[in-house]
Asker: 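The structure that follows is given in the form of structure tokens.
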Amino acid sequence: MKEREILKPVEKREVYHVLQDLTVEVEVMQNPYNFRLEQLFQMAARINKNRSFLFVSKVLGKHLAVNPKIPLLAGSLLALRYLEVVHGESDPRAEKIATAIQTQEGLDEIWNSLQKDPIPLQRAASFIGFAETATALGHAVFSTFRNNAKYIHTTREQIDQLTSIINFEEEHSHATSHRVYALDTEFFQDDSEVVLVDDEVTTGKTAINIIRKIKEEYPSKNKFTVVSILDWRTEEYRERYRQLEEELNVQIHTVSLIDGVVSIAGKPSIEKNIEQTENNFQPEVNYLSVAHLLPAETVQQSSSTSVGGIETKAGYLKATGRFGLSIEKEKEFSNQIQAIADFVKAHRNGNKTLVIGTGEFMYLPMHIASRMGEGVYFHSTTRSPIYHSNSNDYTIKRKFEFDSPENQGVTNYLYNIEVNQYDEVFLIFERMSSLNATSSLIKALSKSNIPTIHIVNMTEIIE
């Protein structure tokens, strides 16, 4: 059993007043790379009866657009922090990555270094990314390593013809049920450490739930690590990890870039509102299929039925990690993604380009965006509803609501795309039921006067 984890004296305290009546106080205990908090997140109010606040990440590429190499490097920084905390091995590139993220300079140099010389891992580890926000983060952590690593991410989707090997709940989320579909039914039947990757840990309940489930299904598992950018557990919730260690006879490490405590008071003083801007702007819409660049064996031929009852017969990409992915296959898929990025880049016609991933499908669009040249930004659609306001000091100023193209019947959102901000946008989809499924999203984007919208579909549409 590892030594008892005790909260250290406060290193830094910040108080955020969010939409007037919601107060969030943050006490930082550990900050190994000396990040300023505003370099990692801004505060917002979420429309959720279970949790009123949201740390809007500036390094994830989810709710806010970023240089696509920043979230990729954030994953690599967590990977190196994990290596140091759990394995006692340090890499001097960790400080260089942190500096590059903080200054947004030298991103290409350090990223190329990691691509040429990935990190060796001495002990086998199974990395799990949490849907939907941390699917790309978990993938970025995993892909930093050279060997002994495999990856899978949880999903909210219910995939026909497949059976989930692990089911668990995330109580505070808008979509609480998680599933894990591993094509290799023995994915967890080894002695590898399980590394859970999430963007933020507030109570740690989600990790506890999946650790319990994994231990129940795979009793030999006894080493776990919870990796996150932000860890806000109170002493009470840290004690629950220690109790779980004793109850299940397991070891649980925790790794983060910021470790502290958050306290909340009040509620946001604003009613739910939706972006109502209307105009008659009609963007040029181009449809690009890249399915011909992917071998048939890279597609998992399983269908799904949306919440709205619409069947999607198009296959899923194995390269996402949704079905399990070895580090060797990851490197193989990386070459195919380069070919797709080259194809998509050839269709660029603007100086300021936005690439948008969708829902859980973040890592591959992010990786494609990172290879499309200068002036490219990335973020993703989300099913997380956040209050928006024109208040000068508030994070989320614009909000677009639309029907999810992949899971019709589920409302999705995009945030903070200003009028005339981009010359063009590339919407990258893993799969869709029909081209018409994108109409609600295109209508929402038209409010920002983006001249050209490219629809990039990774798999063939099957009517």
Asker: Taking Ile310's backbone N and O only, do any of them form a donor-acceptor pair with Ser306's side chain (distance below 3.5 Å, no angle check)?
Answerer: yes

Asker: Taking the six-membered ring of Phe333 as reference, does the NZ or CZ atom of Lys318 fall below 6.0 Å from its centre and within a 45° cone about the axis?
Answerer: no

Asker: Do any N or O atoms from the side chain of Tyr181 and from the backbone of Ile159 form a donor-acceptor pair under 3.5 angstrom?
Answerer: yes

Asker: Quick one: are the ring centres of Tyr218 and Phe188 less than 6.0 Å apart?
Answerer: yes

Asker: Tyr415 ring centre to Lys399 NZ or CZ under 6.0 Å, with the angle to the axis within 45°?
Answerer: no

Asker: Taking NZ, NE, NH1 and NH2 as the nitrogens, is one of them in Arg240 or Glu236 under 4.0 Å from a carboxylate oxygen of the other?
Answerer: yes

Asker: Quick one: does NZ or CZ of Arg46 land under 6.0 Å from the six-membered ring centre of Phe53, within 45 degrees of the ring axis?
Answerer: no

Asker: Is the closest side-chain heavy-atom distance between Phe361 and Glu132 below 4.5 Å?
Answerer: no

Asker: Is the NZ or CZ atom of Arg431 both under 6.0 Å from the centre of the six-membered ring of Tyr316 and within 45° of that ring's axis?
Answerer: yes

Asker: Does Thr312 form a side chain to side chain donor-acceptor pair (under 3.5 Å) with Glu406? I'd like the steps, not just the answer.
Answerer: CA-CA 8 Å; Thr312 300; Glu406 315 98 322; over 6 Å; no

Asker: Aromatic rings Tyr151 and His139: how do their planes relate, parallel, tilted or perpendicular, breaks at 30° and 60°?
Answerer: tilted

Asker: Any side-chain to backbone donor/acceptor pair from Arg398 onto Ile417? Under 3.5 Å, distance only.
Answerer: yes

Asker: Would you verify whether the NZ or CZ of Lys352 falls within 45 degrees of the ring axis of Tyr377 while also being under 6.0 Å from that six-membered ring's centre?
Answerer: yes

Asker: Is Thr254 close to Asp231 at the side-chain level, that is, under 4.5 Å between some pair of heavy atoms?
Answerer: yes

Asker: Under 3.5 Å, is there a donor on one side chain and an acceptor on the other for Ser302 and Gln300?
Answerer: yes

